Amino acid sequence: MSDEQSDDKSELSKAYEPMDVEPKWYKFWLEHGVFRANLDPADQREPYAIALPPPNVTGSLHMGHALVVTLEDVLIRHKRMQGRNTLWQPGIDHAGIATQLVVERQLAREGTSRHDLGRAKFVERVWEWKAQSGGRIAEQMKILGASADWDRSLFTMDPPLQRAVREAFVRLYEEGLIYRATRLINWCTDCRTALSDVEVENEESNGELYEFAYRVVDADAADGATELVVATTRPETMLGDTAVAVHPDDPRYTHLHGRKLKHPFLDREIPIITDPILVDMAFGTGAVKVTPGHDFNDFATGKRHQLEEINILNLDGTLNEFCAQFQGLNIKQARSAVKKALAEAGLGRATKAHKLQLPRCTRSNTVVEPMISTQWFVNMKPLAEPALAAVREKRVEIIPAEWEKTYEHFMTNIQDWCISRQLWWGHQIPAFHCADCEYITVTREEQPSACEKCGQNNLTQDPDVLDTWFSSGLWPFSTLGWPDKTPALERFYPTSDMETGYDILFFWVARMMMMGIHFMGAPPFKRVLLHGMIVDETGDKMGKLKGNTLDPVDLVYGADFSAVVQKTMPDAPVAEALAKFKKAYPSSAQMGKGFSASGADALRFTLSSYSPQAKRIALSPARVDGYRKFCNKIYNATRFSLGYLEGESVDVDGRVPAPKLLVNRWILSRLATAVEASTAGIDAYRLDDGSGALYRFFWDEFCAWFVEMAKPVFSHGTSEEKAETRQVLAHTLEAALRALHPYAPFITEDLWQRIPRPASRPVSIALAPYPTAADGRADLGAERDMEALMAAISAARTVRSEHEIKPSAHVQLELRSTDAKLRSLLEEQARFIEFLVRTDGAPAVSAAGERPKGAVLSVAGNIDVLVHLRGLVEPQKEKERIERKLKKIQKDVEVLEKRLKNPSFSRSAPPEVVAEATTLKQTLEREAANLNESLQLVDELH
RNA sequence: AGGCGGGUAGCUCAGCGGUAGAGCGCUGGCCUUACAAGCCGGAUGUCGCAGGUUCAAGCCCUGUCCCGCCUACCA
C-alpha cells in the first residue's frame with residue numbers, strides 16, 4: 001500500500017502497523033531532547049527520579065529487562081506529563097565475574113588464557129569487548145521506548161565512578177567498617193574467587209550419609225572403647241578432621257570422653273570432644289567429625305575448643321599436600337578414594353540415602369567450598385541498623401509491603417560482607433602493601449608514593465577487586481556526581497522510586513539503603529517497588545536449557561517459532577526444541593507459525609497489565625496478541641474520528657466542552673473517572689489497575705457506545721448537535737491518547753500528531769499534560785441515565801440475538817416503564833435505540849398495556865422491553881431457553897428471600913444493603929413473571 | 001526446620017465482608033460504510049478441604065492438604 005508512508009498527512013491504512021511508526025517517533029523524541037532532566041537552577045518543577053537498575057554489560061535484553069523498562073517508563077512518562085522534572089538515570093554494570101567469564105571463554109576459543117595475557121592486557125581486552133558489544137542492551141531498551149536520559153548514561157567502571165568507589169572504600173576503612181581478616185569464606189573453585197553469602201545458592205540434591213569408624217588410640221577392649229563411628233555427607237573432608245564431637249549427655253559415649261582417635265591415613269591423633277551445640281544425639285551416630293577448615297559449623301566449634309584449622313584444598317579444589325596419598329585428586333575423586341581406602345582398612349560402615357543442600361556459585365553453578373582465606377570485609381551491623389530503621393519508620397516504603405518482613409529478617413541477621421574478589425575485572429582495592437614493613441596503606445590516591453608507616457615506596461597494590469555490588473550500592477548517588485556536590489546530586493538525591501525485581505532485594509536494594517544512608521545521610525529513595533519474576537505460561541522459570549525463554553524483541557518485531565527456538569536452543573533438533581517451546585507456551589498453539597509483530601506498545605501494555613503483587617508473572621504471548629488488537633482498536637477509532645474531524649472547524653482549545661446530548665455528557669463523565677483511575681493506579685504501583693481502567697474506558701465505553709452513538713448524530717443530527725459531538729469526540733480522543741501515552745508511547749504519539757489539538761500543546765505528547773478529572777466533567781445524572789439506556793438496548797439486543805434475528809431485519813420494539821422520568825428519557829433517546837437495536841422506526845414508549853401476542857418480554861431494571869417477533873421464533877427452542885433461565889432466576893430469588901426474611905438481616909445490615917436486596921428481588925421476580933408469561937405465549941406464536 | 005506467597009471459569013490471573021470478574025479459549029449470529037486484528041449475543045465456577053466468627057465470608061479467625069519462593073541448617 002502506498003498510503004502508509006511516513007508522511008503525516010497521508011491517508012491512514014486500514015490496519016495498524018507498529019513497525020512503520022515506532023522507530024520514527026523514538027528518533028523524534030531524541031531529537032527534541034524529550035527525555036532530558038533539567039539541571040537549570042531556574043527550573044522550579046518538583047524533581048522525580050528513578051535510577052534504572054543497570055543491566056550487566058554482558059547481558060542482552062530478556063523479559064525481565066523488558067518488565068523493568070516498561071514499569072519504570074510508565075512511571076517516568078506519567079510524572080513527566082504531570083509536569084515533574086524527571087530523571088531516569090540509565091547505566092551499565094561491569095558485572096565482575098560474569099564479564100570476566102565471558103571474555104575468558106572467548107580467550108579459550110582463541111587457544112589462550114588470561115594468564116598468558118597478563119593482568120593489564122586482559123583488562124584492556126575486556127574494555128575492547130565492552131566497546132564492541134556493551135551497548136547492545138541500551139539499544140534494545142530504546143526499541144521498547146525507554147525514555148531514559150541517555151546522555152547521562154554511565155558505566156560502573158567509568159573514571160568518575162571509580163573515584164566514587166575509592167572514596168567509599170577509604171571512608172569505610174577509616175571508620176573501621178572495612179577490615180581485613182582470615183576466616184572461613186565461600187570459595188568458588190571454578191571462578192577461583194571468594195564469594196559473598198548472597199552469591200551462594202543452596203540447591204537440594206540427593207546425597208548419602210556415610211558412616212565410618214575412627215579407631216581409639218590405645219584401644220581397650222575391656223571397656224569397649226575400641227572405635228567411634230561418625231556419620232558424614234563428605235567423607236573426603238576427614239583429611240582435615242581435627243576432632244570428633246559427641247554430646248556431653250550421650251550415655252553411649254561417656255566412656256570415650258577425653259580419649260583420642262587415630263587418623264587412619266595421616267600421622268595425627270584426633271581428640272574426642274563434647275559439644276552440645278554441634279551435636280544432635282538423635283542424628284546419624286551421634287558422633288560428628290569436626291573439620292574446622294571446611295565447614296561453617298565446624299569452624300565455630302573449632303573456635304570454641306581451640307582446634308587446629310587445616311586447609312586440605314588447593315584454590316582449584318584439588319587436594320593439597322596435607323592429604324598424603326590423596327593429594328592432587330579433585331573432590332569427587334577424593335570422595336570415592338577415601339571411601340575405598342576406609343573400606344579396605346576395615347573402617348567403612350553403613351551408607352544411607354540422604355537429602356542435602358548443596359551450596360552453588362550463582363555464576364558458575366560450581367559447588368562452593370568453605371575455605372579459610374584472608375579477605376576484605378564490611379562490618380554490616382552498624383550500616384544495617386539505620387537502614388532497617390528507615391523502613392520501620394516508614395521513611396522508605398516497600399511495595400508490596402509483604403517484603404518488609406523479608407527485608408527486616410535479612411537486615412537483622414546480616415553477616416559481614418566479604419567484598420574482595422580474586423578477579424582481574426573490577427575496581428581494584430585501593431590498598432597498598434608495603435614490602436618493607438608489611439603495613440597496608442589505604443588511600444584515595446591512584447598510586448601513592450610512600451608507605452604511610454615507614455615512608456618507603458616499596459608498595460604493591462592489593463591484587464583483589466571489589467564485589468560488583470559494592471559499586472552498585474553507590475549507584476543512586478555516584479551517578480549524580482558524588483563525592484562532589486554537584487547540581488544533579490543536589491536536585492535528584494534522594495531519588496523518588498526504586499523499581500526492581502525482588503530477587504535483588506538483598507544484593508542491591510539493601511546495600512543501596514545502607515550506603516545511601518551512610519554516605520548521604522538520607523535513604524537513596526522514598527519507595528521501593530518490587531515486581532515478580534517472569535516465568536513461562538506453565539509457571540516454570542525461564543531458562544535456556546528448558547527452551548522456554550522469550551526474547552522481547554521477537555514479540556515486538558514478530559518471529560517464526562522455528563527461528564525463536566533455534567535461537568534459544570541452537571544445538572537441539574528443531575522439532576524437539578519446538579515441542580519444548582509449545583509445551584511452555586500452550587497459547588502459542590493458537591498463533592499459527594509464529595508471533596505477529598505486535599510492537600513495543602502491545603508488549604508494554606501486556607507487561608503493565610500484570611499485578612505487581614504476583615511473585616510470578618506467567619507471560620502469555622496470547623495476551624500480547626490481545627493488546628496488539630487493542631492498539632489496532634485505538635488506531636481505528638482515531639481513523640474513524642479523523643473522518644469527522646478533518647476539514648471541519650473543530651474548536652479544540654483544551655477547555656472541557658459543556659455538551660447537551662446525554663451521550664456526550666456521559667463520555668466526559670466516564671473520561672474523568674478513567675483518567676483518575678489511571679493516575680491512582682500508577683501512583684499506587686498498581687499499573688494493572690491503571691492500564692485496565694483505560695483499556696475498558698477506551699474499548700467498552702468510548703468505542704462500543706460513544707462512537708456508535710455518535711454515528712446517528714453525524715448522519716441525522718442538527719448542526720448544533722453535530723458540532724457539539726465533534727467537539728466532544730475531538731476532546732475525548734485527545735485526552736484519551738494522553739492518558740494512554742505512558743503505557744503505549746508510540747501509537748499515542750503517532751495518532752496525537754494527526755488529530756486536532758489545542759494550540760498550547762507542546763511538540764510531543766510526551767511533554768503534554770497528563771489528563772486529570774478536570775479534563776472530563778463528572779455527571780452522575782448522565783451516568784445514571786446512560787446506564788438505564790444501555791441496559792434497555794442490551795436487553796433488546798439479547799432478545800434479538802437469542803431468537804436469531806438477522807441484523808438486517810428490523811424489529812418492532814416497545815418500551816414500558818412505570819417511571820415517568822425513564823419514559824421521557826427513552827423518548828428523548830429514541831433515535832439511538834432505533835440505531836443500536838435496529839428497530840422498525842422509533843420504539844413505542846408507554847406506561848403499561850396489554851401484552852401483544854408474539855412479543856418477547858425482557859426486563860432492564862425498571863424498563864420492560866418488548867420485542868415483536870411474530871413468525872420469527874421456534875417455539876420449542878424458545879420454551880427450553882425460557883425454562884432454563886427461569887430456573888436460574890428462581891434460585892436467586894430463593895436466596896434473596898431467605899435473606900430478607902431473616903429478622904437479623906434487616907436489623908443489622910446497613911439500610912442501603914437491605915434496599916438493594918429488596919429491589920433486586922423485585923426485579924428478578926418481575927423478570928420471572930415476564931418469562932412465565934412468555935412461556936404461555938410461546939404456544940400461541942404460530 | 002522456619003518465614004513468605006499462592007490454590008477463584010478450560011488456561012493465565014484480578015477481586016479480599018454485601019447478587020462471583022477480566023483477557024484468552026469455547027460457542028450462536030453477523031463482512032451493520034473505524035476496525036473480521038472487528039461487531040452483537042451466549043455458556044462455563046460446591047472461589048483447595050474442614051471447622052469457626054458474622055444478619056452476611058473467595059474475602060476475617062483456627063486447623064489441614066497441596067504448590068511455589070526465600071532463609072537457615074542435621075554432620
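All chains are named by letter (A, B, ...) in the order of the sequence lines, taking the proteins before the strands, and each is independently numbered beginning at 1. This one's a predicted model, so the numbers in the text were calculated from it and none came from an experiment.
Remark: A/Y210 engages no residue in a ring-ring contact (aromatic ring centres under 6.0 Å, His included) (not counting sequence neighbours). By the ring-ring contact (aromatic ring centres under 6.0 Å, His included) test, A/F212 is found to be paired with A/Y214, residues two or more places apart in sequence or in another chain being considered. Residues satisfying the salt bridge (Lys or Arg N to Asp or Glu O under 4.0 Å) criterion with A/E787, sequence neighbours excluded, are absent altogether. Remark: A/F714 engages A/Y644 in a ring-ring contact (aromatic ring centres under 6.0 Å, His included) (not counting sequence neighbours). Applying the salt bridge (Lys or Arg N to Asp or Glu O under 4.0 Å) test to A/E402 and every residue at least two apart in sequence or in another chain returns nothing. Here A/H354 pairs with A/F283 under the ring-ring contact (aromatic ring centres under 6.0 Å, His included) rule; sequence neighbours left out.
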Give every pair of a protein N or O atom and an N or O atom of nucleotides 10-16 of chain B that lie under 3.5 Å apart, one pair per line with the distance.
unit_1 : atom_1 : unit_2 : atom_2 : d
B/A14  : O3'    : A/R686 : NH2    : 3.4
B/G15  : OP1    : A/R686 : NH1    : 3.2
B/G15  : OP1    : A/R686 : NH2    : 3.3

What pairs of nitrogen or oxygen atoms, one from the protein and one from nucleotides 59-62 of chain B, lie under 3.5 Å apart?
none

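At B/G29, none of the side-chain N or O atoms of A/H803 fall inside 4.0 Å of OP1 or OP2 (strictly under the cut-off). The side chain of A/T406 contributes no N or O atom lying less than 4.0 Å from OP1 or OP2 of B/G3. Distances shown here put every side-chain N or O of A/K885 at or beyond 4.0 Å from the OP1 or OP2 atom of B/A43.
Taking the charged nitrogens against the carboxylate oxygens, A/E537 and A/K582 have no contact shorter than 4.0 Å, which rules out a salt bridge.
Across every strand in view, B/C69 sits in a pair with B/G3 that passes the Watson-Crick or G-U test at under 3.5 angstrom. Applying the Watson-Crick and G-U wobble criteria (two distances, each under 3.5 Å), B/C39 pairs with B/G29. Of the nucleotides present, none pairs with B/C47 by Watson-Crick or G-U wobble criteria with both distances under 3.5 Å.
Remark: the A/S801 side chain and the B/G29 base include no donor-acceptor N/O pair separated by less than 3.5 Å.
Candidate nucleotides B/C30, B/A75, B/G5 were compared by shortest atom distance to the side chain of A/E402, and B/G5 ranks first.
Judged by distance alone, the side chains of A/Y635 and A/S13 do bring a donor and an acceptor atom under 3.5 Å apart.
Open room surrounds CD on A/Q415; 12 or fewer heavy atoms of other groups in view lie less than 6.0 Å from it. Surrounding NE2 of A/H716 are at most 12 heavy atoms belonging to other residues, nucleotides or ligands under 6.0 Å away.
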Protein-to-nucleotide contact annotation, 5' to 3' order, nucleotides 32-39 of chain B [B base; S sugar-phosphate only; - none; under 4.0 Å, heavy atom]: B-BBSBSS

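The nearest whole Å value for the distance from the CG atom in A/D295 to the P atom in B/A72 is 14 Å.
A 4.5 Å side-chain heavy-atom check between A/Y627 and A/S598 finds every atom pair outside the cut-off.
Scanning residues 903-922 of chain A for heavy-atom distances under 4.0 Å to RNA chain B yields A/S904, A/F905, A/S908, A/A909, A/P910, A/V913, A/E916, A/L920.
For residues 900-919 of chain A, every residue pair satisfying the salt bridge (Lys or Arg N to Asp or Glu O under 4.0 Å) rule, not counting sequence neighbours, is listed here: A/E897-A/K901. Here salt bridge (Lys or Arg N to Asp or Glu O under 4.0 Å) pairs that include residues 610-628 of chain A, with residues two or more places apart or in two chains, are A/D625-A/R628.
Between A/F630 and A/F605, the angle of the ring planes goes over 60°, which puts this pair in the perpendicular group of the 30/60° scheme.
Classification of B/G58 as syn follows from a glycosidic angle within 90° of 0.
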